[in-house]
**Student:** 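Pasting a structure here, questions to come.
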There are 2 protein chains.
Amino acid sequence: MGVIRKTKAVEVLLNEFSTGSVAISAKALIEQLGEMFNKTTIYRVLDKLEDDGVLHSFLGKDGLKWYAKCNGCTSKEHKDVHPHFQCLQCGKVDCLPVHVSLPEIPNRKIEISQLLIQGKCEACFV
Amino acid sequence: MGVIRKTKAVEVLLNEFSTGSVAISAKALIEQLGEMFNKTTIYRVLDKLEDDGVLHSFLGKDGLKWYAKCNGCTSKEHKDVHPHFQCLQCGKVDCLPVHVSLPEIPNRKIEISQLLIQGKCEACFV
DNA sequence: TTTGTTAATGCAACAAAGTTGCGTTATATT
DNA sequence: AATATAACGCAACTTTGTTGCATTAACAAA
Ligand SMILES: [Mn+2]
Ligand SMILES: [Mn+2]
Ligand SMILES: [Zn+2]
Ligand SMILES: [Zn+2]
């Protein structure tokens with residue numbers, strides 16, 4: 001079940017994702033907001049916001065969990081699927097609003113897919 | 001640095017990967033061989049075999065580390081890049097020997113990419 | 001075959017990310 | 001204002017993987 005009450009933690013976390021398509025790791029949010037809220041609260045709010053279709057999550061290069069804002073998703077349908085890009089130099093992760101055509105795989109039913117591209121971001125690419 | 005001495009652990013672990021393009025998680029190997037070898041040894045041997053270009057590793061859907069045999073790789077060059085498929089029903093993971101064309105991403109330098117496709121495998125797909 | 005070097009191992013302790021249980025607090029409804 | 005319960009904080013825990021160090025064993029040289 002998703003968010004039911006608009007608490008301080010919900011408000012502050014939502015605000016963190018208010019700008020753009022940059023992803024934030026749960027770890028970074030705890031480092032940043034861990035004095036204001038308990039890490040358990042942060043994990044639980046993120047989880048619920050994902051349930052609501054407000055955020056989506058994925059795993060970065062070290063298996064860390066990252067979150068970013070969803071576009072046009074609801075609690076019933078998560079339709080905002082796209083690859084992610086992680087900069088190997090500065091660590092920044094963002095959503096790539098492009099379509100990826102998956103390869104043909106006979107005799108298998110594809111349900112989900114995750115593509116993580118790594119390299120140098122705009123800022124770090126000379 | 002990679003494997004230097006052909007120990008029992010190296011021999012047994014190599015044998016686990018002798019057949020086909022099925023991946024095995026470090027976790028599964030420890031469950032399976034943990035009475036024969038210490039988990040530290042298992043982690044270290046896998047790590048070294050990857051250095052040698054004998055195995056490659058990637059992260060599965062829960063962030064677990066998986067290993068599979070490399071084809072035509074050396075310690076100098078890991079060229080066997082391909083997507084992986086994880087069955088959501090039986091958990092099996094295998095290497096997909098296909099090429100994936102990445103989307104165009106302006107102003108960024110792509111260095112690595114990982115594609116994990118999830119769904120139902122041949123055996124679980126009715 | 002014996003000896004010597006050191007890679008590899010086992011063990012225990014640790015680290016990091018995330019989860020769970022439970023008593024307390026605060027939101028929102030009546 | 002009173003009430004119900006969602007959300008919270010805290011501590012303890014789980015899981016996967018790592019590190020330091022003393023001991024063992026692979027392997028080549030004598
Ligand atoms: Mn995204
Ligand atoms: Mn593979
Ligand atoms: Zn960057
Ligand atoms: Zn299956």
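In what follows, every chain begins at residue 1, and chains take the letters A, B, ... in the order their sequences are listed. What you see is a predicted model; the values in this text were computed from it and never measured.
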**Student:** Please tell me if B:Thr7 has a side-chain N or O lying less than 4.0 Å from either OP1 or OP2 of C:dT9.
**Tutor:** yes
**Student:** Look at the side chain of B:Asn107 and the backbone N and O of A:Glu122, then say whether any donor-acceptor pair between them is shorter than 3.5 Å.
**Tutor:** no
**Student:** Please tell me which of the listed nucleotides, D:dC8, D:dT16, D:dG20, lies nearest to the side chain of B:Arg44?
**Tutor:** D:dG20
**Student:** Nearest-Å distance, CG (B:Asp62) to P (D:dT15)?
**Tutor:** 13 Å
**Student:** What is the distance from CG of B:Asp51 to P of C:dA7, rounded to the nearest Å?
**Tutor:**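 To the nearest whole Å, that distance equals 15 Å.
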**Student:** Specify the separation, in whole Å, of atom NZ of B:Lys8 and atom P of D:dA25.
**Tutor:**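 For the pair B:Lys8 NZ and D:dA25 P, the rounded distance is 12 Å.
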**Student:** Would you kindly give the CD1-to-P distance between A:Ile4 and C:dA28, to the nearest whole Å?
**Tutor:** 11 Å
**Student:** When the distance from NZ of B:Lys39 to C1' of D:dT16 is rounded to whole Å, what number comes out?
**Tutor:**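 From B:Lys39 NZ to D:dT16 C1': 7 Å.
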**Student:** Quick one: B:Leu46 CG to D:dT16 P, roughly how many Å, whole number?
**Tutor:**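 Atom CG in B:Leu46 sits about 15 Å away from atom P in D:dT16.
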**Student:** Output yes when a side-chain donor or acceptor of B:Lys6 lies under 3.5 Å from a complementary backbone atom of B:Glu11, and no otherwise.
**Tutor:** no
**Student:** Between C:dG10, D:dC8, C:dA17, which nucleotide has the shortest distance from any of its atoms to the side chain of A:Val45?
**Tutor:** D:dC8
**Student:** Assuming nearest nucleotide by heavy-atom distance, tell me which of B:Ala26 and B:Arg5 is located more 5' along DNA chain D.
**Tutor:** B:Ala26
**Student:** Tell me: OH of A:Tyr67 to C1' of C:dG18, nearest whole Å?
**Tutor:**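 Atom-to-atom, A:Tyr67 to C:dG18, this comes out as 10 Å.
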**Student:** With respect to the phosphate group of D:dT18, does any side-chain polar atom (N or O) of B:Tyr43 fall under 4.0 Å of OP1 or OP2?
**Tutor:** no
**Student:** Between B:Asp94 and B:Ala23 (side chain of the first, backbone of the second, donor and acceptor by atom type, cut-off under 3.5 Å), is there such a pair?
**Tutor:** no
**Student:** Should B:Leu59 and A:Leu59 count as side-chain neighbours, where that means a heavy-atom distance under 4.5 Å?
**Tutor:** no
**Student:** Hey, what do you get for CD (A:Gln86) to CD (B:Gln114), rounding to the nearest 0.5 Å?
**Tutor:**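 Answer for the CD-CD pair, A:Gln86 versus B:Gln114, is 9.0 Å.
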**Student:** What is the distance, to the nearest angstrom, from the CD atom on A:Glu35 to the C1' atom on D:dC8?
**Tutor:** 17 Å
**Student:** Within less than 4.0 Å of OP1 or OP2 of C:dA7, is there a side-chain N or O belonging to B:Lys6?
**Tutor:**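 No, no such contact exists.
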**Student:** Below the 4.0 Å mark, does C:dG18 have OP1 or OP2 next to a side-chain nitrogen or oxygen of A:Thr40?
**Tutor:** no
**Student:** Please determine whether a side-chain nitrogen or oxygen atom of A:Lys48 lies at a distance below 4.0 Å from atom OP1 or OP2 of D:dA7.
**Tutor:**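 Affirmative; the distance criterion is met.
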**Student:** With a non-hydrogen cut-off below 4.0 angstrom, is B:Leu64 in contact with a base, only sugar-phosphate, or nothing?
**Tutor:** sugar-phosphate
**Student:** For the side chain of A:Asn38, starting at C-beta, report the closest nucleotide among C:dG10, C:dT6, D:dC10.
**Tutor:**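 Nearest to the side-chain atoms of A:Asn38, counting from C-beta on, is D:dC10.
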